[in-house]
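First the structure, in the form of structure tokens, and then the observations on it.
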Amino acid sequence: MKTKFNRGRKIIKYASLLLLAGGFISACSNADREVELTSHNTLTPAEQEEGWILLFNGENTEGWRGYNQPDFPESGWIAEEGTLRYGPDLGRAGGRAGDIIYDQKFGDFVLQLEWKISGNGNSGIFYLGQEIEGQPIWISAPEMQILDNDGHPDAERGTDGNRKAGSLYDLIPANPQNTKPVGEWNHAEIIVQQGTVVHRQNGEDVLVYEMGTTSWNELIAGSKFSEFSQFGQYKPGYIALQDHSDEVWFRNIKVRVL
């Protein structure tokens, strides 16, 4: 009986340890999830020391406004669950909300953000954009393309994939093409320094070009942007997010001035 009793005590003790371990793991998992949620749209102490500026706080649209507009759009765009989201369901009947810009110009900088696109979706990240009355931002601002490469027809248009995600839209294709599937977050980085521009996608350099060079001017001359003298000029401009009528999410938007 003593042996059975001791064995029973050991079983109960082991079961109790399992329950405690399960509770500890569950608590850790919940804590990890909380840390993951709260770590978005914030700057680490190291980033603050390096001079990074947070462009989206995850809670509201402070610092942003509509392109060629004094205020933020009343519909279409929203700060929601730690993301800056555009949704056609949020739009105004019979019209679009329009592109949004961060209300500060940047010249030499590093921009980082994460994006997630809807199925068959299309959007973009503009930089060095100028506000020109009565004209869209794309006549001045280069665009890092955002796209569902598998579902949107733009992926097969253009030349050599220069309308796929990560590309300099309609000009230079992203290579390698390393975009993640619909529903997953992609990390984008744009570096502008002394006229040299780099697109990075998911940790890899996918293209580089130099503004103002002979090759750059020839590239523009052979494109639909040739009629716009303001396009792709190396001077401080706005960072903008595109309303292309498709649902898209952004988070962890930050910039460091070089």
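No continuous path of hydrophobic side-chain contacts links L43 to I239 [ILVMFWY only; heavy atoms under 4.5 Å]. A chain of hydrophobic side-chain contacts below 4.5 Å, direct or via other Ile, Leu, Val, Met, Phe, Trp or Tyr residues, connects I125 to I117. Under the 4.5 Å side-chain heavy-atom criterion for Ile, Leu, Val, Met, Phe, Trp and Tyr, L258 and V197 are members of distinct hydrophobic clusters. In terms of hydrophobic clustering, with Ile, Leu, Val, Met, Phe, Trp and Tyr side chains grouped at heavy-atom distances under 4.5 Å, V198 and L113 are assigned to different clusters. In the hydrophobic clustering of ILVMFWY residues, with side-chain heavy atoms under 4.5 Å counting as a link, F250 and F106 come out together.
Within the 4.5 Å cutoff, side-chain heavy atoms of Y127 are placed close to those of V192. A heavy-atom distance below 4.5 Å is found between the side chains of T179 and Q201. Side-chain contact between W52 and Q112: present, with at least one pair of heavy atoms (C-beta onward) separated by less than 4.5 Å. Taking the side chain as every heavy atom from C-beta outward, P173 and N175 never approach each other to under 4.5 Å. Contact annotation: the side chain of I132 approaches that of I139 to within less than 4.5 Å [non-hydrogen atoms, C-beta and beyond]. Under the 4.5 Å side-chain criterion, counting only non-hydrogen atoms from C-beta, M211 is in contact with L128. With contacts defined as side-chain heavy-atom distances shorter than 4.5 Å, the pair V255/V110 does not qualify. Side-chain contact between S223 and F231 is absent, with no heavy atoms from C-beta onward closer than 4.5 Å.
Nearest heavy atom pair, residue P73 against residue G66, reads CD-N, 3.9 Å. Heavy-atom minimum distance, S118 versus D148: O-CB, 3.9 Å. The heavy-atom pair separating L168 from P142 by the smallest distance is CD1-CB, 3.6 Å. In terms of heavy-atom proximity, G76 sits nearest to A97 at CA-CB, 3.8 Å. The shortest non-hydrogen separation linking L147 to R163 is CD2-O, 3.3 Å. Nearest heavy-atom pair, I137 versus A240, reported as atom, atom and distance to 0.1 Å: CD1-CB, 3.5 Å.
A donor-acceptor contact shorter than 3.5 Å is absent between the side chain of D205 and the backbone of L207. A donor-acceptor pair is defined here as one N or O able to donate and one able to accept, closer than 3.5 Å; such a pair exists between the side chain of S123 and the backbone of Q242. Checking side-chain atoms of N162 against main-chain N and O of D170 turns up a donor-acceptor pair under 3.5 Å. With hydrogens and angles ignored, the 3.5 Å screen pairs a side-chain donor or acceptor of N41 with a backbone N or O of G82. Of the possible polar contacts, one joining the E47 side chain to the T44 backbone as a donor-acceptor pair under 3.5 Å is found. Panel note: side chain S167, backbone A174; a donor-acceptor pair is recorded below 3.5 Å. Formation of a donor-acceptor pair under 3.5 Å by the D108 side chain with backbone atoms of Q194 is found in this model. At least one donor-acceptor pair under 3.5 Å links the side chain of Q177 to the backbone N or O of A165. Formation of a donor-acceptor pair under 3.5 Å by the H199 side chain with backbone atoms of I190 is not found in this model. Of the possible polar contacts, none joining the D103 side chain to the G63 backbone as a donor-acceptor pair under 3.5 Å is found.
A salt bridge links R65 with E131: the closest approach of a Lys/Arg side-chain nitrogen to an acidic carboxylate oxygen falls below 4.0 angstrom.
With values rounded to the nearest 0.5 angstrom, K105 atom NZ is found 9.0 Å from I101 atom CD1. Taking NE2 from H152 and CD1 from I146, the interatomic distance works out to 12.5 Å, rounded to the nearest 0.5 Å. Of the inter-residue distances, the one linking E189 atom CD with K254 atom NZ reads 9.5 Å to the nearest 0.5 angstrom. Note that CZ of R251 and CD of E81 are 12.0 Å apart. Values are rounded to the nearest 0.5 Å. A distance of 10.0 Å separates CG in L84 from CD1 in I78, rounded to the nearest 0.5 Å. In this structure, CD on Q48 lies 9.5 Å from CG on L54, to the nearest 0.5 angstrom.
With no hydrogens or angles considered, a side-chain donor-acceptor pair links N186 and N202 at under 3.5 Å. No side-chain donor from either of K235 and Q130 sits under 3.5 Å from a side-chain acceptor of the other. A donor-acceptor contact under 3.5 angstrom links the side chains of H40 and N252, judged on distance only.
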Inset, instruction - Quick one: do W138 and Y169 satisfy ring-ring contact (aromatic ring centres under 6.0 Å, His included)? Show the steps, please. - result: CA-CA 10 Å; W138 59 263; Y169 176 75; 8.8 Å; no
Legend entry - N122/Q145 under side-chain contact (heavy atoms from CB on, under 4.5 Å): CA gap, chis, key distance, verdict: CA-CA 8 Å; N122 186 335; Q145 173 77 316; 3.5 Å; yes
Inset, instruction - Kindly indicate, with the supporting measurements, whether the criterion salt bridge (Lys or Arg N to Asp or Glu O under 4.0 Å) is fulfilled by R85 and E247. - result: CA-CA 7 Å; R85 171 189 167 223; E247 190 170 25; 2.8 Å; yes
Inset, instruction - Evaluate the criterion side-chain contact (heavy atoms from CB on, under 4.5 Å) for residue pair I191 and F109; output intermediate values, then yes/no. - result: CA-CA 6 Å; I191 304 168; F109 61 88; over 6 Å; no
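By the 6.0 Å contact criterion, CD on E50 is enclosed, its count of non-hydrogen atoms from other residues, nucleotides or ligands being greater than 12. For E62, the CD atom counts as loosely surrounded, since its 6.0 Å shell holds 12 or fewer non-hydrogen atoms of other residues, nucleotides or ligands.
Screening F72, Y238, Y86, Y102 for a ring-ring contact (aromatic ring centres under 6.0 Å, His included) involving W64 leaves a single residue, Y102. In summary, of the residues considered (F56, Y67, W77, W115), a side chain to side chain contact (heavy atoms under 4.5 Å, CB included) with L241 occurs for W77 alone.
Between W216 and Y209, the ring center distance clears the sub-6.0 Å criterion.
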